[in-house]
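Below: the structure, in structure tokens.
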Protein chains: 2
Amino acid sequence: MPKSTFFRLPEERRARLVHEAIVEFADRTYAEASLSQIARRANIPKGSVYQYFEDKLDLYRWLLTEEAPRLKREFVGKPSMEGDFWTRLEDFVERGMAFLVEHPRLARLSAAAADPTANPEVRGLHKAICEAGLKELRAVLEAGAESSALHAPDLDVATRFVATIIGPGLTDVVLKELGAELHEVLASDSLRKRLGPKRRRALAHQAVHFIRKGLGSEKPRRGKET
Amino acid sequence: MPKSTFFRLPEERRARLVHEAIVEFADRTYAEASLSQIARRANIPKGSVYQYFEDKLDLYRWLLTEEAPRLKREFVGKPSMEGDFWTRLEDFVERGMAFLVEHPRLARLSAAAADPTANPEVRGLHKAICEAGLKELRAVLEAGAESSALHAPDLDVATRFVATIIGPGLTDVVLKELGAELHEVLASDSLRKRLGPKRRRALAHQAVHFIRKGLGSEKPRRGKET
DNA sequence: TGACAGTATGACCGATCGGTCATATGACTG
DNA sequence: CAGTCATATGACCGATCGGTCATACTGTCA
């Protein structure tokens with residue numbers, strides 16, 4: 001956790017530091033990211049940064065577990081309760097994509113929990129975040145199973161499959177759709193104009209369709225698969 | 001590419017270097033990995049390493065694009081031509097899992113192409129590898145589409161979904177199954193005993209079933225989903 | 001034997017990093 | 001005013017890295 005001094009900081013100074021930290025940790029791995037850089041760019045002496053945080057990991061942890069989730073919650077809001085399970089899932093996925101498009105840096109920060117690293121402490125942090133995410137998603141799918149909309153022999157396995165689809169899978173699809181690489185995307189604050197709500201809905205639909213029906217039975221017109 | 005000297009090296013010395021390089025790059029990110037470490041552990045002066053490779057990236061690139069694929073090809077062999085499309089896909093997936101279990105380090109090295117990094121050169125390398133992999137998988141799926149076993153409105157999108165399932169998704173499932181973390185797994189050469197062929201087949205089946213049917217229609221007994 | 005090409009080697013370089021610490025600043029208290 | 005306490009600051013530290021280079025070694029051929 002940040003030291004108490006951090007929370008007593010003048011708003012502008014704190015914002016500057018947080019902003020530069022987000023920028024740095026969004027487009028570099030934890031190992032690649034540099035506290036010196038953050039401090040330099042935020043125009044805050046490195047010594048001062050150590051008045052606010054215990055160390056590099058402390059800042060990173062706070063960003064990943066407190067600040068980024070807070071900002072994400074703020075953006076995506078409460079999960080919809082309308083419609084059947086699959087409609088709600090589609091809505092959920094679409095909100096995630098909107099977040100990715102409107103706040104690429106924060107989305108990347110949220111996804112950093114899946115980054116590999118040799119640092120055991122960071123690995124522990126990442127693992128905890130991943131597990132929390134999986135648990136959440138599992139609860140969503142459980143509801144689907146209870147309403148008989150969803151059938152899975154092993155819900156843990158199914159949860160992991162769904163997670164990779166709506167996580168890295170969809171991100172990859174979105175990048176392809178934008179014709180851009182992650183790093184170009186991270187350079188801009190938002191991509192509103194390049195992937196509008198309409199296209200987003202279409203992609204979310206495609207993803208959920210895949211999760212629901214797979215690829216083996218698109219048009220049940222006539223003649224079943226082999 | 002390695003310098004010519006590298007290929008003229010005494011077998012034992014080259015093997016030592018390659019082995020330590022694989023170990024290092026398998027459990028650390030490119031950015032985290034250290035040439036100094038590799039040299040130290042291989043008991044080869046760092047200066048000598050620079051007689052064999054242009055630089056760190058040169059070694060990494062050779063491992064990722066030449067050595068690892070060669071060893072993987074050697075292990076997985078030719079794709080099966082028997083059975084229908086889905087059976088072949090299942091077989092393909094099962095071989096991939098076998099490789100992961102029997103050669104965790106090489107599998108991790110192959111998967112490193114998905115690692116994020118701020119280094120543009122490494123990013124380019126990773127991107128090229130990913131694209132080659134997607135292209136290959138797309139060809140497989142195209143065959144499925146032609147035989148009408150598989151139906152996708154957008155094959156590019158479908159390819160990416162399938163790739164994340166049989167890649168990171170399945171890896172994640174396998175790790176859960178083993179009750180181990182990636183790094184514990186990397187410490188051992190093989191996990192033969194802990195995830196036998198039987199269980200592997202079952203998991204491969206589950207993954208392909210998901211890709212084929214999704215989660216919305218397990219037992220088409222009576223009463224369709226919502 | 002001596003010259004030469006290929007190779008081996010480890011001291012060395014500049015850069016960067018995460019992190020520390022002695023000192024300075026400045027606001028509040030009495 | 002003096003004293004105290006939170007904070008600011010940047011010089012400094014040790015470690016590590018990727019990479020270079022002068023020098024030494026070794027085998028071959030004339």
Side-chain angles (χ1 to χ4, degrees), chain A residues 1-18 20-21 23-25 27-64 117-125, chain B residues 1-18 20-21 23-25 27-64 117-125:
Chain A
M1 279 291 286
K3 302 181 183 176
S4 55
T5 311
F6 174 68
F7 298 107
R8 277 183 235 118
L9 238 40
E11 179 57 27
E12 199 266 346
R13 187 180 173 95
R14 188 172 68 233
R16 237 164 52 220
L17 178 56
V18 170
E20 295 302 338
V23 169
E24 179 78 1
F25 283 119
D27 75 18
R28 311 179 86 89
T29 301
Y30 176 81
E32 293 171 310
S34 152
L35 249 193
S36 303
Q37 267 290 346
I38 295 173
R40 221 172 293 139
R41 285 212 281 249
N43 221 332
I44 291 173
K46 189 164 53 161
S48 295
V49 173
Y50 279 87
Q51 300 266 6
Y52 314 143
F53 294 92
E54 295 293 341
D55 51 26
K56 186 185 173 185
L57 181 59
D58 191 34
L59 167 54
Y60 184 67
R61 185 192 299 118
W62 178 75
L63 275 182
L64 254 66
T117 174
N119 182 321
E121 286 173 311
V122 175
R123 231 160 47 215
L125 170 62
Chain B
M1 279 290 287
K3 301 181 182 176
S4 54
T5 310
F6 174 67
F7 298 107
R8 278 183 235 119
L9 239 39
E11 179 57 27
E12 199 267 344
R13 188 179 171 95
R14 188 171 70 234
R16 237 166 52 222
L17 178 56
V18 170
E20 295 301 339
V23 170
E24 178 78 1
F25 282 120
D27 76 18
R28 312 179 84 88
T29 301
Y30 175 82
E32 292 171 309
S34 151
L35 250 193
S36 304
Q37 268 291 345
I38 295 173
R40 221 171 293 140
R41 286 210 282 249
N43 222 331
I44 292 173
K46 189 164 52 160
S48 296
V49 174
Y50 280 88
Q51 299 266 6
Y52 314 142
F53 294 91
E54 296 293 340
D55 51 25
K56 184 184 174 185
L57 181 59
D58 192 34
L59 168 54
Y60 184 67
R61 186 192 297 117
W62 178 76
L63 277 181
L64 255 66
T117 174
N119 182 321
E121 285 172 313
V122 176
R123 231 160 47 215
L125 171 62

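Letters go in sequence order (proteins before strands), and every chain restarts at 1. Small disclaimer: the values here were computed from a predicted structure and weren't measured. When reading the values below, keep in mind they use all heavy atoms of this one structure, side chains included, and skip hydrogens, waters and symmetry mates.
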Query raised in the report: Does D:dA6 have OP1 or OP2 sitting under 4.0 Å from an N or O in the side chain of A:R8?
Result: no
Query raised in the report: What string of B, S and - do you get for nucleotides 8-21 of chain D, 5' to 3', when a contact is any protein heavy atom under 4.0 Å?
Result: BBB------SBBB-
Query raised in the report: Which of these passes side-chain contact (heavy atoms from CB on, under 4.5 Å) with A:I38: A:L17, A:V49, A:I44?
Result: A:L17
Query raised in the report: B:Y30 vs B:Y60 aromatic rings, parallel, tilted or perpendicular, using cut-offs 30° and 60°?
Result: tilted
Report task. Answer yes or no on whether A:K56 is positioned over the face of A:F25, meaning its NZ or CZ is under 6.0 Å from the six-membered ring centre and within 45° of the axis. Result -> no
Requested in this report: State plainly whether the residues B:E12 and B:R16 are in salt-bridge range, i.e. N to O under 4.0 Å.
Outcome: yes
Report task. Please tell me if the side chains of B:W62 and B:V18 come closer than 4.5 Å, counting only heavy atoms from C-beta onward. Result -> yes
